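When a ligand or atom number is given, it counts from 1 through the structure's own listing order. Nothing here was measured: the structure is a model prediction, and the numbers come from that model.
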Amino acid sequence: MSDLIYLDYASTTPCNEEVLAAMQPYFTTIYGNSNSLHRFGQEALDGLSHARDCVGRLINADFEEVIFTSGATEANNIAILRTVKTISNGGRPLFATFKPEHKSVLDCANKLKAGGHNVTYLDVLSNGLFDLDSLDNALSNNNIGLLSVCFVNNETGAIQNIRRIAEICQWKGILLHVDATQAFGKIPVDVKELGVDFMSASGHKIYGPKGIGILYCKKQNMKYVKIPRANYEVEFGVRSGTTPVPLCVGMGHASKIAGERMHMDYGHVKALREKLVSGITSRLEEIYVNGAPDSSYPGITSMSFRGCEGEAMMMEANKIAVSSGSACTSNKLSISHVLSAMGISADIAQSSLRISIGRHTTEEDIDIAVDNLIGATNKLREMSPVWDMIKAGMDVDAIFQRAH
Ligand code: PMP
């Protein structure tokens, strides 16, 4: 197990030791309920407030604009479902999002659709970015009340131009929710400069604990997400129940470290990604890096090894832990909705892997990964009838299309 090289940082990260140490007293000695008025409660509340400050500082949000949630999924749910429900009464019922969004956002969209709301799924360009000129037109339907956009795509790393999208939304009176789970703590995010209304982020993607995230909510938008008749309300009336102070403290501390290390972490993953990509593309043909080379977070790379099925690659490249863009369900290979939305051909999409690099990845890890992936590709291609067809110049994509 310890020999396995972890290259799945977009999925989750190990909790930082310093973060763990910061959380520890809040489990054992400062264990009060942050809602209690006695000293135990107030000490816990101090820790919670400090954590809220740390998160706020990282994204330039005010104290009361940071709402702790159980993760980005809950933050997405609150921002999208509650806002659409509230604004529907005012007559702007349409929700819009993009086809390659994270499943948690698409689940909200599907739920709204099933509940009778109008939902629009917007297209992206072949590099995964939004065509900002056509976005202006696509949002012209003046019934759109809320748009949800992913800042950094979790599969390709594509970084969207949030500032420009926010400008378009403001111009049209559309509220903007940004799923910043893969951007938060990794690239500069300033909610005020960007002009977003809501933003979701998660603790476990930035070397913090699992089970904690935040929803940034601009002050004047609180009315959209508050629980109407809350019982035992916490987090400014957006949640109820006892706040998990140790997890909040962990997210606060992880945010502080992420802010301090952002420049260094970014440079580190960028250099390693270049080594990974050049190491593979210089020694193998028919390798595709999916996404937007000029606008992507280098910690996340979607790479297709044509002729090799993604899940087979994961099994064969057994020195590394990565994610596959495709998944085999009910004997049928389902292709990544992200790559499909980008119009990437089925045969290239099904051969994709997501390789994500992080703070603890070393140059040696990348050397091993490169050799392992090259070995796996050569072995699978040797046995692959699809590879033979590709080499013979056949239109394999047409065959894949028929199979799906
Ligand atoms: N959005 C994006 C873009 C993500 O990558 C993830 C995590 N895979 C989530 C939302 C969900 O985050 P959490 O695990 O904190 O619920």
Side-chain angles (χ1 to χ4, degrees), residues 6-15 19 51 55 58-59 66-81 97-111 124 128-130 147-160 162 165 176-187 189 196 198-216 235 238-239 244 247-248 250-252 254-255 258 269 291-292 295-302 321-325 327 336-339 341-342 353-358:
Y6 189 73
L7 292 174
D8 205 12
Y9 284 82
S11 179
T12 194
T13 58
C15 188
V19 167
V55 174
L58 183 60
I59 56 172
V66 176
I67 299 157
F68 282 109
T69 63
S70 65
T73 300
E74 188 194 347
N76 287 344
N77 272 277
I78 293 175
I80 298 170
L81 299 179
T97 192
F98 292 86
K99 289 180 181 165
E101 293 298 310
H102 187 260
K103 290 271 191 230
S104 56
V105 168
L106 293 177
D107 279 353
C108 291
N110 296 341
K111 202 175 276 177
V124 289
L129 297 180
F130 313 140
L147 174 71
S148 182
V149 175
C150 193
F151 202 148
V152 170
N153 185 274
N154 52 294
E155 197 171 317
T156 62
I159 303 178
Q160 305 298 342
I162 298 298
I165 294 169
L176 177 65
H177 165 252
V178 173
D179 178 354
T181 310
Q182 301 287 353
F184 177 78
K186 298 175 188 167
I187 59 171
V189 175
V196 306
F198 306 100
M199 195 182 82
S200 309
S202 186
H204 72 98
K205 310 283 187 191
I206 58 157
Y207 310 87
K210 293 172 181 56
I212 189 75
I214 58 114
L215 172 66
Y216 156 77
E235 295 302 307
V238 179
R239 286 184 103 202
L247 298 180
C248 300
M251 177 146 184
S255 302
V269 297
S295 179
S296 73
Y297 168 64
I300 302 176
T301 303
S302 166
V322 294
S323 282
S324 122
S336 145
H337 73 282
V338 176
L339 301 185
M342 290 158 62
L353 291 181
R354 180 187 70 180
I355 306 167
S356 47
I357 297 168

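For Gln182, every heavy-atom contact with ligand 1 shorter than 4.0 Å involves the side chain, none the backbone. Contacts between Ala72 and ligand 1, counted as non-hydrogen atom pairs separated by less than 4.0 Å, involve both the backbone and the side chain. By the criterion of a heavy-atom distance under 4.0 Å, both the backbone and the side chain of Thr73 are placed next to ligand 1.
The protein non-hydrogen atom at the shortest distance from atom 4 (C) of ligand 1 is His102 CD2, 3.4 Å. In terms of protein heavy-atom proximity, atom 7 (C) of ligand 1 is closest to Lys205 NZ, 2.7 Å.
Checking only distances, Asp179 does come within under 3.5 Å of ligand 1, N or O to N or O. For His204, a nitrogen or oxygen atom sits less than 3.5 Å from a nitrogen or oxygen atom of ligand 1, counting backbone and side chain alike. The shortest N/O to N/O separation between Asn76 and ligand 1 does not fall below 3.5 Å. Checking only distances, Glu74 never comes within under 3.5 Å of ligand 1, N or O to N or O.
Counting non-hydrogen atoms of neighbouring residues, nucleotides and ligands closer than 6.0 angstrom, the NZ atom of Lys111 reaches no more than 12 such neighbours.
Proximity to Ser104 (heavy-atom distance under 4.0 Å) selects the following atoms of ligand 1: 10 (C). Listed by number with element, the atoms of ligand 1 under 4.0 Å from a non-hydrogen atom of Ser202 are 13 (P), 15 (O). When each atom of ligand 1 is checked for a heavy atom of Gly71 under 4.0 Å away, the hits are 15 (O).
With sequence neighbours left out, Ser202 forms a side chain to side chain contact (heavy atoms under 4.5 Å, CB included) with Ala72, Thr181, His204, Lys205.
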Q. Hey, mind stepping through Tyr207 and Val19 against side-chain contact (heavy atoms from CB on, under 4.5 Å) and telling me if it holds?
A. CA-CA 8 Å; Tyr207 310 87; Val19 167; 5.7 Å; no
Q | side-chain contact (heavy atoms from CB on, under 4.5 Å) between Glu235 and Leu215, worked out | A | CA-CA 10 Å; Glu235 295 302 307; Leu215 172 66; over 6 Å; no
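The aromatic rings of Phe98 and Phe130 sit parallel to each other, their planes meeting at less than 30°, with 60° as the upper class boundary.
The structure places OH of Tyr6 at 7.5 Å from OG1 of Thr13, a figure rounded to the nearest 0.5 Å. Distance check: Thr73 OG1 to Asp107 CG gives 9.0 Å after rounding to the nearest 0.5 Å. The OG atom of Ser255 sits 7.5 Å away from the CD1 atom of Ile214 when rounded to the nearest 0.5 Å.
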